[in-house]
Amino acid sequence: MSLISMKFLLFVLIAVIGYYSIPKKFQWVWLLILSYIYYASSGIKIVFFILFSTITTYTAGILLHKISTCHAENQDTNRSFRKQQIISQKRLIVVTTLILNFGMLGILKYTNFVIDIFNHISGNQITFFNFLLPLGISFYTFQSMGYLLDVYWERYKPEFNFFRFALFVSFFPQILQGPISRFDHLAHQLFEQHTFNWAQAEVAVQRILWGFFKKMVLADNAAMFVDGIFNRYQEFPGLSIIAVLGYSIQLYGDFSGGIDVVIGIAGLFGITLKENFKQPFFARSISDFWHRWHITLGTWMKDYIFYPISLSKGMSRFGKFAKKTFGKKVGRTLPICAANIVVFLVVGIWHGAAWKFIIYGLYNGLIIAFSGLMAANYQKWKKACHINDKSKLWIVFQIVRTFILVNISWFFDRADSVRQALIMMKNAVTHFEITSLLNGSILETGKSVQNFSIIILIILLFGCAIVFMVSFIQENKIAVQQVLISRPVMIRWAVYLMLLFALPILGQPPTSSGGFIYAQF
Amino acid sequence: MKQLLEILEDIQPGVDYENCTTLIDDGVLDSFAILSIVSELEEEFDISITPVEIIPDNFNSAKALWDMVQRLKEA
């Protein structure tokens, strides 16, 4: 059930009416039932996979807590021996649960990629498996494993009620494409009793409408050109640069629009999810970009992979060696750079089972690592050139530079192969010809008429201008939604109606778009 | 405390460490800076800082950092 279908909107409407009609103490039970109905609607078989994650993580959480509590109560004479025993037991539970869950994700998502590599190396022809990829498996696995590690590190106590924990894993608005929530932020909101609030509902509906606008007007219109060019890139070498710029618009509209819808729907139940985007195209460096794009994945990676690797004994030894060899400052930074490259390699692999995603991850990791190593030199150069960090010209330069670097990475993300990405990157700087963009020959709709193509382009530019304006205001720390909600009712409703009517007039019908890109993860 | 302030100033100069209480919340220290601080603190005070300690509460101010160092020294 796609987030952008009438069936889903009807499902949400029934869900909200039911949520505020039943006794408040059963609200979370209602959400759990709805979440499983939603999940099962994509195929009853896939329910097994989410149950597997839920049961293994729940059991591990309880066991970890029991071991810690027994240790606290049992202060016998041989304390250090007992402490070591406890650490080993807890580690065994965590490692087993991590292997089971990431193993499941890995088998389903990456087996065919490994077979492909093996076939290439060995010359064998092992047949690929036709695995079922459960809905949102990457998102709920990461969310569950975050919980497991937090309980292991005793950041909070585990959830003792299995059904409540099952709701935390399966909460239906976010299961398809995130955001990846943390237990200490989301769980208490799920279990609290909520009363319907008009103002809150209005803010939520605003957010949903805005999300649909981004998805239908920006992403789906851009997709018509982007798909046309990427699928026939050899026919249109002069449009490579347009393709990648269009993909920027498509991906941002699709993913951030989808997240707006998710946050809005959760808001209808009185639940505030973490933001996943913060005007990413105003980023001043690649590192800054990752603090603004898919934020919850970035913070997950930072807390559960980057810090543990950076603070591991192996990395500490490497740090000491690097300090002796390269001096204090470089030696201190090198292990951080290494951990960073590992993190982005994982980010790349998370995006998909293909070499192009591995290169996509490494590209980002290497740029950030290089910037980290060069940070002190950059400061010196800026001082020598009298560059003021706060000067508007410098800020614009940084934003444009980051935008170009991000767009280079998109070639790997969107192309079908590394080879295609490299050819298109080359074409982007050697060829430029836009006739086929204006005459409609790249559109794959069957409506290859000139006027249609130009109209879509004008709508796209209009949509971009509106989204840019809103982002610019937000970047200047003005809460657009709060400003709108404080306006008189006539103005507010005029804006809502304009947005509502813009969707079918300016946007592509949901049936012609292929759903959300990140829903395939 | 003086040693700590010197470490902070060396890693990221130009910040009012004595008064700022939002080093993480306001993004003054990024993950590179945090790990550089951890590396220096471990060496300077002979302590071991685990991922569990990497939370905003421990890094938002020089005082919070100093408290963490004292706590880990006693552990």
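A quick note: this is a predicted structure, and the numbers were derived from the prediction, not measured. Residue numbering restarts at 1 for every chain, and letters A, B, ... go by the order of the sequence lines. These values consider heavy atoms only, across backbone and side chains, with no hydrogens, waters or symmetry-generated copies.
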For A:Lys382, does the NZ atom sit with more than 12 other heavy atoms under 6.0 Å from it, leaving out its own atoms? yes
A:Leu311 and B:Thr50 have their tightest heavy-atom pair at CD1-C, 3.7 Å
Cut-off 4.5 Å, heavy atoms of chain B, and the answer for A:Leu149 is neither
Do A:Arg332 and B:Ile11 come close enough that some side-chain heavy atom pair is under 4.5 Å? yes
Where on B:Val52 is there a heavy atom nearer than 4.5 Å to chain A: the side chain, the backbone, both, or neither? both
Determine, step by step, whether A:Tyr307 and B:Ile34 satisfy the side-chain contact (heavy atoms from CB on, under 4.5 Å) criterion, reporting the C-alpha distance in whole Å, the side-chain angles of both residues, the deciding distance to 0.1 Å, and the verdict. CA-CA 10 Å; A:Tyr307 287 141; B:Ile34 292 170; 3.5 Å; yes
Turns out that what part of B:Ser48 lies under 4.5 Å from chain A's heavy atoms comes down to neither
Work out which heavy atom in A:Pro308 is nearest to a heavy atom in B:Pro51; give both atom names and the distance. CA-CG, 3.7 Å
Any A:Lys323 side-chain heavy atom under 4.5 Å of B:Ser39 side chain: yes
About how many Å separate CZ of A:Phe306 and CG of B:Leu35, when rounded to the nearest 0.5 Å? 4.5 Å
Salt bridge or not between B:Glu40 and A:Lys328? Use side-chain N to carboxylate O under 4.0 Å. yes
Are there more than 12 heavy atoms of other residues, nucleotides or ligands under 6.0 Å from atom CZ of A:Phe370? no
Can you confirm whether more than 12 heavy atoms, excluding those of B:Glu9, are under 6.0 Å from its CD atom? yes
Looking at A:Phe321, I'd like to know if its CZ atom is crowded, meaning that more than 12 non-hydrogen atoms belonging to other residues, nucleotides or ligands lie closer than 6.0 Å. no
Heavy-atom closest pair (A:Ile336 atom, B:Ser36 atom, distance to 0.1 Å) is CD1-OG, 3.6 Å
So for atom CZ, which belongs to A:Arg91, do other residues, nucleotides or ligands contribute more than 12 heavy atoms lying within a distance under 6.0 Å? no
To the nearest 0.5 Å, what is the distance between CG on A:Asn340 and CZ on B:Phe32? 4.5 Å
Tell me whether B:Asp46 at atom CG has more than 12 heavy atoms from other residues, nucleotides or ligands lying less than 6.0 Å away. no
Does atom OH of A:Tyr156 have more than 12 heavy-atom neighbours, drawn from other residues, nucleotides or ligands, at distances under 6.0 Å? yes
